[in-house]
2 protein chains.
Amino acid sequence: MARSSDGNKKERIMDAAVVEIAHRGYHQTTVARIAKRAGVADGTIYLYFKNKEEILFSLFDRAMGRFIDEGRASLEKSSEAPEKLRRIIELHLTLVGEDRDQAIITQVELRHSLHFMDQLSRAQVGEYLSIIGQVVVQGQQKGEFRAELDPVFAAKAIFGVLDEMATDWILSRRNTRLESKAGAVFDFLWAGLKPSC
Amino acid sequence: MARSSDGNKKERIMDAAVVEIAHRGYHQTTVARIAKRAGVADGTIYLYFKNKEEILFSLFDRAMGRFIDEGRASLEKSSEAPEKLRRIIELHLTLVGEDRDQAIITQVELRHSLHFMDQLSRAQVGEYLSIIGQVVVQGQQKGEFRAELDPVFAAKAIFGVLDEMATDWILSRRNTRLESKAGAVFDFLWAGLKPSC
DNA sequence: TACCATACTGAATAGTCATTCATTATCCCC
DNA sequence: GGGGATAATGAATGACTATTCAGTATGGTA
């Protein structure tokens with residue numbers, strides 16, 4: 001079976017890891033279990049990943065890459081800052097909400113340790129925050145958002161609200177769609193951002 | 001040494017656990033290490049805690065108890081909802097900010113697994129959110145806050161911003177005081193809550 | 001067909017640690 | 001000052017599992 005079905009084997013392992021880790025948690029998940037679900041031998045995992053932790057990092061990279069890429073792409077389509085804000089909110093909630101297992105990885109399992117979060121936040125989370133921050137800056141320049149607001153602070157506040165909605169959605173077992181919160185989130189944040197009158 | 005110094009032995013173990021877990025993370029921290037720092041034998045831990053996980057739960061209880069008790073107490077002092085909101089914000093950031101090790105436990109280590117978070121959120125986090133929610137409801141009744149806002153949603157949004165500030169403070173190594181963000185947080189949230197004009 | 005390079009396998013290893021419990025120490029009361 | 005109760009000790013146990021690697025399979029090539 002070698003050499004032919006290679007292309008997707010790493011992906012298959014990652015997909016299996018998402019399911020297993022989402023269900024049992026990272027530390028209760030054995031490498032053997034991931035291998036079994038992926039349909040490969042235990043040792044095969046180590047042909048694609050240096051160790052167990054690297055699997056988790058890869059899951060993060062794959063997920064965060066989508067947030068950043070699609071975030072950037074979506075912002076190009078609109079020009080008004082409030083509209084961009086709305087798009088960011090919708091995209092964030094849609095991406096988190098479309099796969100519950102992946103969301104558990106992102107919202108819970110990836111936040112295991114300070115050491116781990118540190119690496120995450122320095123890299124791509126920081127980049128994502130800066131995308132949000134740029135929207136705020138642009139809005140301020142055009143007078144659409146309050147000028148006295150620190151854009152770095154605002155980006156964190158926006159992210160905080162989105163993140164809390166995502167975590168809350170995972171913990172509530174009800175069958176709601178996460179995107180359905182987008183309107184309320186936008187209204188709330190927009191009220192906090194627009195120039196007071 | 002038996003029977004006499006009992007009173008504080010459990011506390012000593014918990015304090016040791018906070019330091020060890022904050023520094024190395026829950027899973028890298030061995031029970032033996034906690035025992036050593038607390039100045040007790042490994043086995044002694046099990047006279048006070050059923051198992052390792054229960055130590056973590058106790059740390060949560062102790063911390064969350066303060067948030068709820070002091071939160072309630074602080075709210076009794078003021079009557080205007082905006083003022084109550086300001087107090088909640090200040091209290092939250094002050095409590096998190098006064099002990100960095102404990103903050104790491106609360107913001108990072110206690111969120112280890114879905115199973116774990118589930119238990120936490122159903123119990124005391126839910127209670128804390130409802131305290132915030134009550135402030136919102138009161139503000140709406142008096143016309144100080146926008147009436148059309150869902151108070152449950154608003155409570156989560158407020159918590160989300162506070163939580164993000166706390167996590168961000170831990171990850172940034174700079175020597176800032178977390179409470180110094182209280183003003184900015186209040187301004188932002190208040191803008192989002194007050195009736196539009 | 002024979003050979004090589006590469007991919008894959010899974011049983012064995014090696015290390016780790018939570019937890020137990022037989023033993024020892026301490027305290028209190030009569 | 002001794003006996004019973006309670007607390008504390010820490011070495012030993014047992015279970016678990018990430019990782020390795022010697023062996024096997026596969027696919028392409030000449």
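Below, chain A is the first sequence line, B the second, and so on; all start at residue 1.
- Interatomic distance, A:T94 OG1 to A:L178 CG, rounded to the nearest 0.5 Å: 7.5 Å.
- Under 4.0 angstrom from either OP1 or OP2 of D:dA8 there lies at least one side-chain N or O belonging to B:K9.
- A distance of 6.0 Å separates CG of A:L189 from CG of A:L85, quoted to the nearest 0.5 Å.
- For B:K10 and D:dA7, the NZ to P distance is 13 Å, given to the nearest whole Å.
- Taking a 4.0 Å limit (strictly below) on heavy-atom distances, residues 20-39 of chain A does not reach DNA chain C anywhere.
- B:H112 and A:Y26 share no donor-acceptor pair across their side chains, judged by distance under 3.5 Å alone.
- Note: NZ (B:K50) to C1' (C:dA18) measures 14 Å, nearest angstrom.
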Ring pair (Phe, Tyr, Trp, His ring centres under 6.0 Å) evaluation trace for B:F57 with B:F116: CA-CA 9 Å; B:F57 273 114; B:F116 207 102; 4.4 Å; yes
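- Rounded to 10 degrees, the angle separating the terminal helix axes of the helix from C:dT1-D:dA30 to C:dC30-D:dG1, each built from five base pairs, is 10°.
- The CG-C1' distance, from B:N51 to D:dA15, rounds to 16 Å in whole Å.
- A close approach under 4.0 Å does occur between a side-chain nitrogen or oxygen of B:Y48 and OP1 or OP2 of D:dA8.
- Between the side chains of A:Q107 and A:T167, at least one donor-acceptor pair of N or O atoms lies under 3.5 Å.
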Which atoms of nucleotides 10-12 of chain D (N or O only) lie under 3.5 Å from a protein N or O atom, and what are those distances?
unit_1	atom_1	unit_2	atom_2	d
D:dG10	N7	B:G43	N	3.2

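- In this structure, CD in A:E109 is found 7.5 Å from CG in B:L114, a value given to the nearest 0.5 Å.
- Distance, B:I45 CD1 to D:dT9 P: 10 Å, rounded to whole Å.
- Annotation: the span from B:Y46 atom OH to B:K52 atom NZ amounts to 8.5 Å, rounded to 0.5 Å.
- The aromatic rings of A:Y128 and A:H92 sit tilted relative to each other, their planes meeting at an angle between 30° and 60°.
- Of the listed residues (A:V161, A:D163, A:L162), just one forms a side chain to side chain contact (heavy atoms under 4.5 Å, CB included) with A:M165, and that residue is A:V161.
- Going from atom CD1 of B:I13 over to atom CG of B:L59 covers 11.0 Å, rounded to the nearest 0.5 Å.
- In this structure, the CG atom of A:L47 is 18 Å from the P atom of C:dA5, given to the nearest Å.
- As a whole-Å value, the separation of B:I13 CD1 from D:dA7 P is 13 Å.
- The only option from B:Q138, B:Q134, B:E76 that meets the side-chain hydrogen bond (donor to acceptor under 3.5 Å, both in side chains) definition with B:K84 turns out to be B:Q138.
- Rounded to a whole Å, the NZ atom of A:K52 is 11 Å from the C1' atom of D:dC16.
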